[in-house]
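Within every chain, numbering begins at 1; the chains are lettered A, B, ... in the order of the sequence lines, protein sequences first and strands thereafter.
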Amino acid sequence: MKKSNSKSTKKPEIPLTSLIKPDLTSPKSLKSNSIGKEKEENKINVIYWHRTDLRLKDLPALNKLLNKNENEIKKINNFWPIWCFDPNYLYKHRVGLNRWNFLLESINNLSLEYKKLNKNQKLWVLRGKPFLIFKKLIKDWKITHIVWEKDSNAYSKIRDEKIITLAKELGVEIITTPGRHLYDPDEVIKANKGKPTMTLHQWQSITSKMKDIDKPFPAPESIPDPGPSDLKDHHEENWGEYEGIDLNADVRTGKDTCFDSLTGPSDDPFSVPTMEQLGFPPATTTIHGGTIEGYRRLKLFLSDPEKVSTFSKPHSAPTSLEPSTTLLSPYIKFGCIGIRELWWGCKEVVEKWRKNGGKGETKEPENMFGQLQFRDMYACAEAAIPNFERIRGNSICKYIDWSLQNQYDKNGNEILPRPKDEKDEQAEKRFEAWKKGETGFPWIDACMRQLKYEGWIHHLARHSVACFLTRGQCYISWERGMEVFDEWLIDWDPASNPGNWMWLSASAFYSQYFRVYGLVSWPQKTDKTGELVRKYCPELKDFPDKYIYCPHLAPLTIQEKSNCIIGKNYPFPILNEQLEKELCISKLKDSYKLNFNGNHLEVLNGNVNKKLKELHENNGNTHFKKSEENEKKRKAKGEGALDKFIKREKK
DNA sequence: CCGTCGTTGAACTT
DNA sequence: AAGTTCAACGACGG
């Protein structure tokens, strides 16, 4: 900190025109309205708050600041790019080791990128609640402008609104620009009369009337110096009151223990913490963060015109050891790469491919563009719908009487952490087995173990495990699965994750609940040898291909030969796939018939389960009997999964 | 009200 | 390998 202070006194005053190449697509600059006090007004102290954009290229918010400055103010006096570890956020989301690691690598990398442009610069890392931090920084660093990329996520909106109010009170200007998505979700919702976009087609028809997606914004060529950056640590300090709240009380009293200081270690203030400093063991993932790595992967993808042009998500293999997709999602999630660079990069490549007579070009929705549009569609749904990440109070989420749903007190407040459901011991057991990767279904177990180990699984593998947990077999609330993905996925996204869980559980977006992924037949479509299972469930690695997805059907002699006894070295399946599937479908049918969404009065009252139980009893008993009869018939005929596989093999 | 369509199923037929 | 049927929902456009 001392170093940068002494250097900042000899600050070269960089004209802003040299900071960035002119960009014709960017908004016109505002006119000056402060001619009288020009000299004073012309000097501005700026914080750029990085949240969803850990890169230096294609930053619309930075571009807006610099363009605006060109005419209005001329010079940035001091400039601090910051990152803020927000304990509220970290408590809300149980961020797992691999995502932590990816984040730390990404902010580290961004800090180095700043240093490359200005050796006095870095990413200034702070630890604490953003509102409190800004209250302090605005005063101590004499901040006049705060810049950030707009975030329409529910939590971010509340957090940012508080800071916008504070800034208004203190006369600080906030410059915020959308940039995280192809289109600003709030604008799309406005164009859709306040309603969420519930189908891709709907999203497309609305955005087709809006102006085209921005071209990528250029990177700055240089970065101004920071100012004197001394900040007293906040342990014992009283930060005063705001709205009657003692601002620093949580830290002083030790209630807020997420980070023990505002600026980090005293010998290296504002530094990026290491996993070790945070008390974490090393991450297990082989996927590494950073804008350099992100652009390397983007370039690699774009260098293969055939792959880009014929990309088809539904036909990519979830079973392969090497990812069959781009693996760009974590870099998009953390903003290590710009979404406009990916979009226009692909457009350019596909156009060239088409001109050169390339064959087999794919179209939306399964192609690359469709995938990015789906991401936007979920963001637009999330931004428009309160309680998007839960069932209760969610207006688009079909109510289904899942086991292990969120629990609420009499006032409708969620009880956290969720108490174990003693009455539903079977569901708790199924959930634990699913999470641990010990269901006895190798395909599910391999996916769940890969998810925990790598922080990433193929999109279709996510479908498979999500379908199994919810509408397929286990009949467990998607809220539970969503939480596990929140903890383990590196590329976790606040809109896509709940959105996809609702999709896969047929709670919203998708309704064909009778289409259930087979636990044996489905992975066999893309890999009969089970290489993913052999890697992540090594106890099964010696089984012949025939039994790799259904080892419990192997005769004991083969189990012995394969050095793995089912029920001893690997679990026997926790449930009967076909029977549970039929039960689930019949129950889903009842819920669809009732047709209550999460915001229905009977759901809020807690009366809905009684109603559904009645339906299950009236219709369900016959369904149940039917299912059991079917099961008996299957057994009599010997139509297990293995028999089907053998039949197919003979062909 | 009806017909069509919907990113990614499974089993069967040709 | 590609097409059909199964059983059947909701959004959307007419």
Q. At under 4.0 Å, does any side-chain N or O of R515(A) touch on OP1 or OP2 of dC6(C)?
A. no
How far, in whole Å, is [M] from [N] if one measures between their [atom1] atoms?
{"N": "dT8(B)", "M": "dA1(C)", "atom1": "P", "result": "23 Å"}
{"N": "dA8(C)", "M": "dC5(B)", "atom1": "C1'", "result": "14 Å"}
{"N": "dT4(C)", "M": "dT4(B)", "atom1": "P", "result": "15 Å"}

Just checking [X]: base, sugar-phosphate only, or nothing, at a heavy-atom cut-off of under 4.0 Å?
{"X": "H201(A)", "value": "nothing"}
{"X": "K398(A)", "value": "sugar-phosphate"}
{"X": "Q202(A)", "value": "sugar-phosphate"}

Q: Determine whether any donor atom in the side chain of H463(A) lies under 3.5 Å from an acceptor atom in the base of dT8(B), or the reverse, and answer yes or no.
A: yes
Q) Does any donor-acceptor pair link the side chain of E364(A) with the base of dT7(B) at a separation under 3.5 Å? A) no
Between atom [atom1] in [X] and atom [atom2] in [N], what is the gap in whole Å?
{"X": "Q524(A)", "N": "dA11(B)", "atom1": "CD", "atom2": "P", "value": "10 Å"}
{"X": "W443(A)", "N": "dG9(B)", "atom1": "CH2", "atom2": "C1'", "value": "15 Å"}
{"X": "Y513(A)", "N": "dC9(C)", "atom1": "OH", "atom2": "P", "value": "5 Å"}
{"X": "I206(A)", "N": "dC12(C)", "atom1": "CD1", "atom2": "P", "value": "9 Å"}
{"X": "Q578(A)", "N": "dA11(B)", "atom1": "CD", "atom2": "P", "value": "7 Å"}
{"X": "Y592(A)", "N": "dA7(C)", "atom1": "OH", "atom2": "C1'", "value": "14 Å"}
{"X": "L504(A)", "N": "dT7(B)", "atom1": "CG", "atom2": "P", "value": "14 Å"}
{"X": "E582(A)", "N": "dA8(C)", "atom1": "CD", "atom2": "P", "value": "12 Å"}

State which of [options] makes the closest approach to the side chain of [X].
{"X": "S521(A)", "options": "dT7(B), dA11(B), dC9(C)", "answer": "dA11(B)"}
{"X": "T199(A)", "options": "dC9(C), dC12(C), dT8(B)", "answer": "dC12(C)"}
{"X": "E366(A)", "options": "dT7(B), dG10(C), dG9(B)", "answer": "dT7(B)"}
{"X": "Q512(A)", "options": "dT7(B), dG6(B), dG9(B)", "answer": "dG6(B)"}
{"X": "K589(A)", "options": "dT8(B), dC9(C), dA8(C)", "answer": "dA8(C)"}
{"X": "F514(A)", "options": "dT8(B), dA8(C), dG10(C)", "answer": "dA8(C)"}

Q: Compare all side-chain heavy atoms of L575(A) with those of F468(A) and state whether any distance is below 4.5 angstrom.
A: yes
Q) Are any non-hydrogen side-chain atoms of P551(A) and C564(A) less than 4.5 angstrom apart? A) no
Q.
Going by centres under 5.5 angstrom and planes under 30 degrees, do the aromatic ring of F374(A) and the base ring of dT7(B) stack?
A. yes
**Q.** Intra- and inter-strand pairs of DNA chain C in dot-bracket (Watson-Crick or G-U wobble, both distances under 3.5 Å; | for another strand)
**A.** ||||||..||||||
Q: Please lay out, stage by stage, how T197(A) and Q202(A) fare under the test side chain to side chain donor-acceptor pair (under 3.5 Å).
A: CA-CA 6 Å; T197(A) 51; Q202(A) 194 183 19; 5.6 Å; no
Q. Which distance, rounded to the nearest 0.5 Å, do you find between the NZ of K546(A) and the OG1 of T529(A)?
A. 15.5 Å
Q. From Q512(A) CD over to F514(A) CZ, what is the distance, rounded to the nearest 0.5 angstrom?
A. 4.5 Å
Q. Can you name the one residue among D493(A), D58(A), D376(A) that meets salt bridge (Lys or Arg N to Asp or Glu O under 4.0 Å) with R180(A)?
A. D493(A)
Q: Please say whether the positively charged group of R392(A), taken as NZ for Lys or CZ for Arg, lies over the ring of Y408(A), i.e. under 6.0 angstrom from the six-membered ring centre and within 45 degrees of the axis.
A: yes
Q. Would you say the side-chain atoms of Y475(A) and D401(A) include a donor-acceptor pair closer than 3.5 Å?
A. yes
Q | Identified side chain to side chain contact (heavy atoms under 4.5 Å, CB included) partner of R462(A) from the options L489(A), N500(A), N497(A), L504(A) | A | L489(A)
